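One structure is given below, encoded as structure tokens.
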Amino acid sequence: MDAVWSSVWQWTSAWGQLVIHPGSWLALIFLVKHTAGLARYERKRFATRLTPPFPLALRAWVMGLLLGAGFSLCSLWGQWVIRPTDLAWIWACTALLAIMRARWACIAYSAGLVALLQCGVTFAPVAELPVTWQPYVRSLLEVRVLDWLWIVCLAHLAEWLLIRLDGSQGARPVLVKGKPALQFHRIWPFPLVLGLAPVPLLLGFGCLNYDKPLEREKRLASTMTLGYTLILAGLITLAEVWPMGVWAAAAFSIAGHEGIAICNRLRVKRLRPYYVSDGNGIKVIAVMPGSPAQQMGIKPGDVVHRVNGKSVPTMAALLQVTEKAAFCKLEVLDEQDDRHIMQKALYEDDPRHLGIIGSSSAGLSIPQTTAVRSGTTASQ
């Protein structure tokens, strides 16, 4: 019993070290900076915030913390050896890759690079190297690269769950080659305790939803992440019994991750844009919070076909219909082309655009917050 309590105390102490670890605070700073940047973009582009920044950041932090604690508990059954020199190699490679390109600041790239470096120096005669290099080469050869590749699998398994649960939060409308799209970009602090050692990680996910509905894009992104994780886990298992398999696992840790990004870019170039109207109405890209559109249940991907019985192929047509209307009855097509009737009374302080940011046959329609119904002031 004393041994059990001793292990619990050591595990709790490791979490205490994780709280004051510089990496944990750095991950939190990145999260706050990212959320603030999203809020600034929405203010500049749409003159309002489409997503409240504080709940968005808090949700990401809490979900990452809960998953990190759960994965840390599950890892108690494994034999993890995390040494300060290992962490130094991983963080040094992460910093170097981040300077070259921000997207490469991922443990998949740094762990894969360290593993490839170790494989390369294995064949080098350490005794013949300059004396100043020898301590660094020996410390590199002692890094347990397979443990770190397993950590890559663990992190991306958590990322798969987070994309499924939280990936579409904070998606923002953007223009790609003049065509509207939705950009996903989420960050989650992911604190881990492995082998009673604090390992603060930062998980990130980004893609451009250009050619399919929001939920389908999220499912595709999470499925690709899960496929990457399973293939990498298979290669690491092979490397456990075949030393040359380390080369394959390390190379795939980098190349597989990069392949996902390349596939996303190719899809944007070749596929037909989804958020472009064919003239049947206004394709909804986003909905302003607290607006009549949100109250009626309009979602991104819907098409506003008619308002009060009149066709609205552009935002100008919508504004003309709602100019003096006291009531609006919308005919809306959802992502499955099912027809829905939505209606609501309009009051003096309701915006004429109903809070819709959409794409019509004329392009991206960005409403102005001063566009209120006649009889109200512009400051409303």
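In this text, all values refer to a predicted model and were calculated from it rather than measured experimentally.
- Side-chain contact between His353 and Met288: present, with at least one pair of heavy atoms (C-beta onward) separated by less than 4.5 Å.
- Using a 4.0 Å cut-off between a side-chain N of Lys or Arg and a carboxylate O of Asp or Glu, Lys344 and Asp350 qualify as a salt bridge.
- Placement of Ile260 and Ile254 within a single hydrophobic cluster is found when ILVMFWY residues are connected by side-chain heavy-atom separations under 4.5 Å, directly or transitively.
- The closest side-chain heavy-atom distance from His305 to Val332 is not below 4.5 Å.
- Under a hydrophobic-cluster definition in which Ile, Leu, Val, Met, Phe, Trp and Tyr are linked whenever side-chain heavy atoms come within less than 4.5 Å, directly or via other members, Leu162 and Leu165 are assigned to the same cluster.
- Remark: Glu215 does not engage Lys299 in a salt bridge, criterion side-chain N to carboxylate O under 4.0 Å.
- Contact annotation: the side chain of Val193 never approaches that of Val199 to less than 4.5 Å [non-hydrogen atoms, C-beta and beyond].
- The CG atom of Leu354 lies 7.0 Å from the CD1 atom of Ile298; values are rounded to the nearest 0.5 Å.
- Under the 4.5 Å side-chain heavy-atom criterion for Ile, Leu, Val, Met, Phe, Trp and Tyr, Val114 and Ile99 are members of distinct hydrophobic clusters.
- Remark: the backbone N or O of Ala171 is not paired with any side-chain donor or acceptor of Arg186 at under 3.5 angstrom.
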### Query
Should Ile151 and Leu201 be marked as a side-chain contact (heavy atoms from CB on, under 4.5 Å) after you check the CA-CA gap, both sets of side-chain angles, and the distance that decides it?
CA-CA 10 Å; Ile151 292 173; Leu201 299 177; 4.1 Å; yes
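- Residues Ala39 and Arg49 approach most closely at CB-NE, 4.1 Å, considering heavy atoms.
- Here the side chain of Gln169 pairs no donor or acceptor atom with the backbone of Leu56 at under 3.5 angstrom.
- No donor-acceptor distance shorter than 3.5 angstrom exists from the side chain of Glu217 to the backbone of Pro213, with no hydrogens or angles considered.
- Linking Ile, Leu, Val, Met, Phe, Trp and Tyr residues whenever their side-chain heavy atoms come within less than 4.5 Å leaves Ile29 and Trp188 in two separate clusters.
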### Task
Evaluate side-chain contact (heavy atoms from CB on, under 4.5 Å) for Val152 paired with His156, printing each intermediate quantity in order.
CA-CA 6 Å; Val152 173; His156 284 82; 3.7 Å; yes
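- For the atom pair CG (Leu157) and OG1 (Thr225), the distance works out to 10.5 Å, reported to the nearest 0.5 Å.
- Side chain of Lys218 to main chain of Arg164: a donor-acceptor pair is present (N/O by atom type, distance under 3.5 Å, no hydrogens or angles).
- In summary, Asp166 and Arg59 engage in a salt bridge, as defined by a charged side-chain N under 4.0 Å from a carboxylate O.
- A salt bridge is absent between Arg172 and Glu42: the closest approach of a Lys/Arg side-chain nitrogen to an acidic carboxylate oxygen does not fall below 4.0 angstrom.
- Using a 30° and 60° split on the angle between ring planes, His185 and His34 fall in the perpendicular class, above 60°.
- A donor atom on one side chain and an acceptor atom on the other are found under 3.5 Å apart for Tyr109 and His257.
- Contact check for Leu50 versus Pro173: side-chain heavy atoms found under the 4.5 Å cut-off.
- No single ILVMFWY cluster, assembled from side-chain heavy atoms under 4.5 Å apart, contains both Ile282 and Ile341.
- Checked by atom type and distance alone, the side chain of Ser24 never pairs as donor or acceptor with a backbone atom of Ile20 at under 3.5 Å.
- A donor-acceptor contact closer than 3.5 angstrom is absent between the side chains of Trp89 and Glu142.
- At least one donor-acceptor pair under 3.5 Å links the side chain of Ser75 to the backbone N or O of Ser72.
- When atom types are taken as modelled, the side chain of Tyr228 and the backbone of Gly259 share no donor-acceptor pair closer than 3.5 angstrom.
- Summarising the geometry of Arg144 relative to Asp86, their closest heavy-atom pair is N-OD2, 3.7 Å, with the distance given to 0.1 Å.
- Taking 4.5 Å as the limit, some side-chain heavy atom of Ser311 sits within range of a side-chain heavy atom of Pro313.
- Within a 6.0 Å sphere centred on CH2 of Trp80, other residues, nucleotides and ligands contribute more than 12 heavy atoms.
- In this structure a side-chain-to-backbone donor-acceptor pair under 3.5 Å is missing from Thr85 to Ser139.
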### Task
Show the numbers, then the answer: is there a side-chain contact (heavy atoms from CB on, under 4.5 Å) between Ile107 and Ser110?
CA-CA 5 Å; Ile107 192 171; Ser110 53; 4.1 Å; yes
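- Here the CG-SG distance, from Leu203 to Cys106, works out to 8.0 Å after rounding to the nearest 0.5 Å.
- Annotation for Val246 and Ala239: closest pair N-CB, 3.5 Å, computed over non-hydrogen atoms.
- Contact annotation: the side chain of Leu194 approaches that of Leu154 to within less than 4.5 Å [non-hydrogen atoms, C-beta and beyond].
- Interatomic distance, Trp247 CH2 to Leu116 CG, rounded to the nearest 0.5 Å: 6.5 Å.
- Around atom OH of Tyr41, more than 12 heavy atoms belonging to other residues, nucleotides or ligands sit under 6.0 Å away.
- Taking 4.5 Å as the limit, some side-chain heavy atom of Pro53 sits within range of a side-chain heavy atom of Thr35.
- Formation of a donor-acceptor pair under 3.5 Å by the Gln183 side chain with backbone atoms of Leu208 is not found in this model.
- Counting heavy atoms from C-beta outward, Thr322 and Val307 have side chains that approach closer than 4.5 Å.
- Taking CG of Asn209 as the reference point, atom OG of Ser168 lies at 10.0 Å (rounded to 0.5 Å).
- Of the possible polar contacts, one joining the Asn308 side chain to the Phe327 backbone as a donor-acceptor pair under 3.5 Å is found.
- Note: Cys263 SG to Met224 CE = 4.5 Å, rounded to the nearest 0.5 Å.
- Nearest heavy atoms, Leu67 versus Ala158: CD1-O, 3.9 Å.
- Between the side chains of Trp160 and Thr229, no donor-acceptor pair is found at a separation under 3.5 Å.
- The aromatic rings of Phe184 and Phe205 sit tilted relative to each other, their planes meeting at an angle between 30° and 60°.
- Nearest heavy atom pair, residue Gly297 against residue Asp302, reads O-OD2, 4.3 Å.
- No more than 12 heavy atoms of other residues, nucleotides or ligands sit less than 6.0 Å from atom CH2 of Trp25.
- Applying the side chain to side chain donor-acceptor pair (under 3.5 Å) criterion to Arg306, with sequence neighbours excluded, gives no partner residue.
- Leu87 and Pro198 make their closest contact through CD1-O, 4.3 Å (heavy atoms, listed as atom of the first residue, atom of the second, distance).
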#### Entry: side-chain contact (heavy atoms from CB on, under 4.5 Å) between Ile90 and Trp148, worked out
CA-CA 9 Å; Ile90 294 296; Trp148 282 101; 3.8 Å; yes
